[in-house]
Undergrad: 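Below you will find the structure I want to go over with you.
Ligands are counted one by one from 1 in listed order, and the atoms in each one are counted from 1 as well.
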Amino acid sequence: MGNLVELKLHGSIALIMLDNPPVNAMSFAVRQGISDAIGKAVSNADTRAIVLVGKGRCFCGGADIREFGQPRKEPFLSDVINLIEGCQKPVIAAIHGTAIGGGCEIALGCHYRIGDASARFGQPEIKLGLLPGAGGTQRLPRLIGIEPALEIILSGAYLGAEQGKALGFFDEIVEGDLTQKAVLFAERLLSEGKGPRPIRDMKIHKDKAEQIFAAAHAKASKRARGLIAPERCIEAVESALRVTVEEGLALERKFFDELVRSDQSKAQRHLFFAERQARKIPGVPADIPARAVRKAAVIGCGTMGRGIAMSLANGGVPVTVLDMNQDALDAGLSAIHDTYARSVSRGSLAQPDMDKRMAIIDGATDYAGIGEADIAIEAVFEEMELKKQVFATLDEVCKPGAILATNTSTLDVDEIAAVTSRPGDVIGTHFFSPANVMKLMENVRGRETSPEVIATVMKLTKDIGKVGALVGVCDGFVGNRMLYAYTRQANFLLEEGALPHEVDKVLYDFGLPMGPFAMGDLAGLDVGYRVRQHRRKTKPSNDRYSPIADRIVEMGRHGQKTGAGWYRYDKGNRKPNPDPEIEKLIIGVSRELGIERREISDREILERCLYPLVNEGAKILEEGIAIRPSDIDVIWIYGYGFPRGRGGPMFYADLIGLDTVYKAMSRLHEQHGDMLRPAPLLEELAKFGKKFSDLAS
Ligand code: 3H9
């Protein structure tokens, strides 16, 4: 390991440079290095001011997350920050790229902060189930005020240079060479006789504090149901108003230690690395050149097509939406406009950003209009023959080298690719509904998809702000195949004695945004119905099959959109109301099937729904459909709202112990037969006392 912190003493200014690629994380060696460098700069008589900069892509990406959970080594980050803050010579942070987490806290320890246009700052610890643990909860509110500080700490969002300047985080935003400008800034301070300006000495403004905290508590309990970190963040910031800085820092530290040991934080740290690991594809080297995607096309202007077009435009990729029917196209484009306009009126999107996005979306009613697209994403009705027709046409009209992608959620990508003369350019890009909101792209590698096409689509996924996982071809791919295993058991539970709202409540209480039946109503029950009918025709089977869902659709109840499905809905209200008619139907089906209804405990509901989900995940791993267990977690977190604090189904199973899951599956197998047979991989890992995370990837 080279020198991770460089000190240059020249003239009156000492320059301390962090050099710990890729993101200058505050590992033990970096903390030690800064501490030593500060010590030398302080004792050097010529030095009158100190400038701290980061080399490479950013100032600092925070504490080294890989060190969490390991024994702590001194100097701690808070010691280093206290050392900087207590320095008798002014210390200036010169920020480019991100200064986040511990990186933001280091900057807050400095007496002045300047940045260039690329500078961003934030406290993303909450996304790791933590709170800022090196003074962020005490210094940020003192510097910029409690309301914006709380917002930054609770959202984990990064703010840019201009916003930072307006809030008083940055003293100056400079153009040109940042280090040079920082040295000039330091010299100016000296010439003006300005010295250290520790934030800890700043007065905290208490105006409207009560309302601000009440609003923060209300928002946290709504947005972060079941998570401990948000409340701890608020309590720590609240303490800044009541107690001394020392006491506030001690409380913050106590909370940090408690959170870092919690399963919720372990789960969220797992997800941080899982998301990044998912971008690494065996057989697709990181340096393989991705194709340029300068222009995209989306085929189909229905709900999915519109959402996909918006996702691309949101990421700055110009997109042409193709629909052969002019009226459908007009309706689609105006729906896109209206969706953006709603975001503007809610305040979540600025009007100029909406204008920019709308300006790069256009429509076409003829395939000739998309010949120049670098990627064409098909989002037509989920029907094989139709998709084949579309791909045959795309093959004719798209330029050589264009990527032909399908948004199918269940169909065989290889069969679709086979109608083209370029199966190497065909790939699945499975977006989740609503596509402009949901972050997941389940990208599907066909038998012949080329590594270059995979690299391009994985890069595009990141470029447009989505999270991707690459999977192989099978019925339902990873997400929907596992979803089927889960909803199937939920349906059987109804036949055996439970009611939809009872099942949904257990899964909601577990942390899912909604249970399987409320979710079905939201998504529309007719979609699953069509898939099941197709499957029964193409792959008849004697497996146990619950007729309830089909009967509900055949009653004309398609979910929220028809005002009734598993539940009944009042006009204009999305709240699901249990419906006696459905209860009667369910009880009738139990009778028809000769099943004696029984009391079903919450625990049984949870195990019966979640363990088969995990079991299916194990089968998917055995078959090589998912590359690694953590990819499955990424899919379930970003595509299905699996609670972040549980880390995804495979991490959750690891946490409760695969032996527990295996034993429960064996019991269920005995009770319910083959459909619940434990996956051999689950059995093997459980027998050897291993975890899914022990599987090499
Ligand atoms: C904290 O600071 C707690 C303190 O309050 C108190 C402590 C006492 N540590 O995202 P990328 C790795 S909590 C270790 O692809 P980008 C990452 O795994 C920390 N590793 O790059 C990846 O590795 P690999 C608060 C880290 O340019 C590589 O760097 N900080 C860390 O798209 C590139 O990452 C955060 O939560 C880290 N802190 O984005 C950090 N950060 O190549 C959040 C990154 O092996 N991080 N890595 O896969 C980010 O938002 C982005 O990583 C960042 C760069 C914007 C920095």
Undergrad: Is it possible for you to check whether K165 lies under 6.0 Å from the centre of the six-membered ring of F170, through NZ or CZ, and within 45° of that ring's axis?
TA: no
Undergrad: When the ring planes of F432 and Y640 are compared, do they come out parallel, tilted or perpendicular, using 30° and 60° as the limits?
TA: perpendicular
Undergrad: Does any pair with a residue in residues 230-265 pass ring-ring contact (aromatic ring centres under 6.0 Å, His included), and if so which ones, sequence neighbours excluded?
TA: F68-F256
Undergrad: Between the side chains of T461 and N443, does any donor sit under 3.5 Å from an acceptor?
TA: yes
Undergrad: Filter the ligand 1-protein atom pairs down to N or O on both sides and distance under 3.5 Å, then list them.
TA:
residue  : atom   : partner : partner atom : Å
ligand 1 : 2 (O)  : A63     : N            : 2.8
ligand 1 : 2 (O)  : G102    : N            : 2.7
ligand 1 : 5 (O)  : E105    : OE1          : 2.6
ligand 1 : 5 (O)  : E125    : OE2          : 2.6
ligand 1 : 5 (O)  : G133    : N            : 3.0
ligand 1 : 9 (N)  : A63     : O            : 3.4
ligand 1 : 9 (N)  : I65     : N            : 3.0
ligand 1 : 10 (O) : R276    : NE           : 2.7
ligand 1 : 10 (O) : R276    : NH2          : 3.1
ligand 1 : 15 (O) : R279    : NH1          : 3.0
ligand 1 : 21 (O) : R57     : NH1          : 2.9
ligand 1 : 27 (O) : R57     : NH1          : 2.5
ligand 1 : 30 (N) : G61     : O            : 2.9
ligand 1 : 32 (O) : K462    : NZ           : 2.8
ligand 1 : 38 (N) : G61     : O            : 3.1
ligand 1 : 38 (N) : A63     : O            : 2.8
ligand 1 : 45 (O) : K280    : NZ           : 3.3
ligand 1 : 48 (O) : K280    : NZ           : 2.6
ligand 1 : 50 (O) : Y158    : OH           : 2.7

Undergrad: Would you mind reporting whether I100 and Y158 have side-chain heavy atoms less than 4.5 Å apart?
TA: yes
Undergrad: Using distance alone, with no hydrogens and no angle criterion, decide if E231 and H217 have a side-chain donor and acceptor under 3.5 Å apart.
TA: yes
